[in-house]
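Single-structure report; data block below.
Lettering follows sequence order; numbering is per chain, from 1.
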2 protein chains.
Amino acid sequence: MRGRPATYDNDAVVLKAQEIFWEKGYSATSLQDLQNATQMGSGSLYNTFRGGKKELFSKALQQRREAFQAFKKELKQSASPMDLIRDFFRSVAMADEHTHLKGCIVANTVTALAFIDNDLETEAVGILKDVEKMFTDTIREAQRTGTVSNPADAAVLGRYLMTCWNGLNVTRRMHPHKEKLKELIEMQLGILR
Amino acid sequence: MRGRPATYDNDAVVLKAQEIFWEKGYSATSLQDLQNATQMGSGSLYNTFRGGKKELFSKALQQRREAFQAFKKELKQSASPMDLIRDFFRSVAMADEHTHLKGCIVANTVTALAFIDNDLETEAVGILKDVEKMFTDTIREAQRTGTVSNPADAAVLGRYLMTCWNGLNVTRRMHPHKEKLKELIEMQLGILR
DNA sequence: ATATTTTTGTAATGATCGTTACATAATTAA
DNA sequence: TTAATTATGTAACGATCATTACAAAAATAT
């Protein structure tokens, strides 16, 4: 028995909510904000996401995890995975100002929720750790093939790349400036060879 | 005419407020939180800090700026300023878990307030830019004396160090682990020579 | 003493918070 | 056609939000 058909596309709703969360963060985003962005009333919203604001935020984080997994799949199919990662970093410099100011929603969450919501913070840390593992695995293989000539422990280099990303997340807000970021990223990547 | 003498030490109150803001951030900190931490009633609080929550947060940020200026003064008097900066980074690894989870209140503010409060975000960016300038100036001089042998533009190296700090601010929460952070920081600093 | 000034504690303000209740709408199953 | 089920929109809930009002307290100045 199916009941009244849903008006809203849940994935689209999560993406709209994600947009608001990304800019304002978990604490500063109100349910009114979310209703305005999604055009959903509180009735539908709570009927669909019974965990309320927290579930919606969790779903938004999960969407980022899936986006990351798509990238990882691309990486697996790539002929030169290490170059794909380098290009990923280089592309940061090309973003527009608004994108710079938003930063990374996952890193933002780790920064903001440590003493606010342990579940959500742990979810975010888990995603970043997966990204770090991807860096590490790719670097280890690239060391084998010679694409990375730095002989340091791949785990440390992976953690280093993760930290480059985390650092860019703040520095790009200080300097939303293509050339400055480009120079910076080239210097960060220089360590690999 | 002096009126009733103040019970509370304003600097101590700002430090107490800073503690709460540092952990919970601007948005998630309530005035009740601040009253509990400072033991001040709302009467005294608003009489002393007429700008309310925002002024109190601003004062907390200013306190960090002053702490930074004290470090900069130390640097000026140091025989090997570059080594002082290296030690500063190395000391991050030695912090306890709670300190790791708190991160840097200034970087936290840049991350959280871009779309919430432009004034406070701009204040925080200003502090980080001053820190970056200190890095740059110190590196430029260290290149002259040979303490830093990397010949790259000091401004780029300074921005790189700033980004290392910003990155550690997140990575130390992912891995509040002395050895991991130590290896990471040595790798970050390795670029200077 | 009395007037003046500042600080303090308490109580109240209106607004907004996240969430729930509930009647109605829109569908399928019987 | 009727019962069952799900989704929607609206109104309301109590709690908490940041801030203000105000009278009492504690000092100085006249």
- Message: Quick check on contacts: within residues 4-14 of chain B, what sits under 4.0 Å from DNA chain D by heavy-atom distance?
- Response: B:Arg4, B:Pro5
- Query: What are the residues of residues 18-44 of chain A, sorted by number, that bring a heavy atom to within less than 4.0 Å of DNA chain D?
  - Reply: A:Ser42, A:Gly43, A:Ser44
What pairs with [X] under side-chain contact (heavy atoms from CB on, under 4.5 Å), at least two apart in sequence or on another chain?
X       : answer
A:Ala95 : A:Thr99, A:His100, A:Arg172
A:Gln39 : none
A:Asn36 : A:Gln32
B:Ser27 : A:Ser27, A:Ala28, B:Leu113, B:Ile116

- Item | Phosphate-side-chain proximity, B:Tyr46 and D:dT20, N/O vs OP1/OP2 below 4.0 Å | no
- Message: Please report whether the ring centroid of A:Phe89 lies less than 6.0 Å from that of A:Phe135.
- Response: yes
- Item | salt bridge (charged side-chain N to carboxylate O under 4.0 Å, His left out) partners for B:Lys54, two or more places apart | B:Asp117, B:Asp119
- Query: Among pairs that include at least one residue of residues 67-84 of chain B, which meet salt bridge (Lys or Arg N to Asp or Glu O under 4.0 Å), considering only residues two or more places apart or in two chains?
  - Reply: B:Asp83-B:Arg86
- Task: Would you mind listing every salt bridge (Lys or Arg N to Asp or Glu O under 4.0 Å) that reaches into residues 32-51 of chain A, with sequence neighbours excluded?
- Result: A:Lys24-A:Asp33
- Excluding sequence neighbours, so at least two apart, what forms ring pair (Phe, Tyr, Trp, His ring centres under 6.0 Å) with A:Tyr46? none
Report, one line per pair, each donor and acceptor closer than 3.5 Å where one atom sits in a side chain of residues 185-193 of chain A; sequence neighbours left out.
residue, atom, partner, partner atom, Å
A:Glu186, OE1, A:Arg90, NH2, 3.2
A:Glu186, OE2, A:Arg90, NE, 2.8

- Within residues 47-59 of chain A, find the residues that approach DNA chain C with a heavy atom at under 4.0 Å, and present them sorted by residue number. A:Gly52, A:Lys53
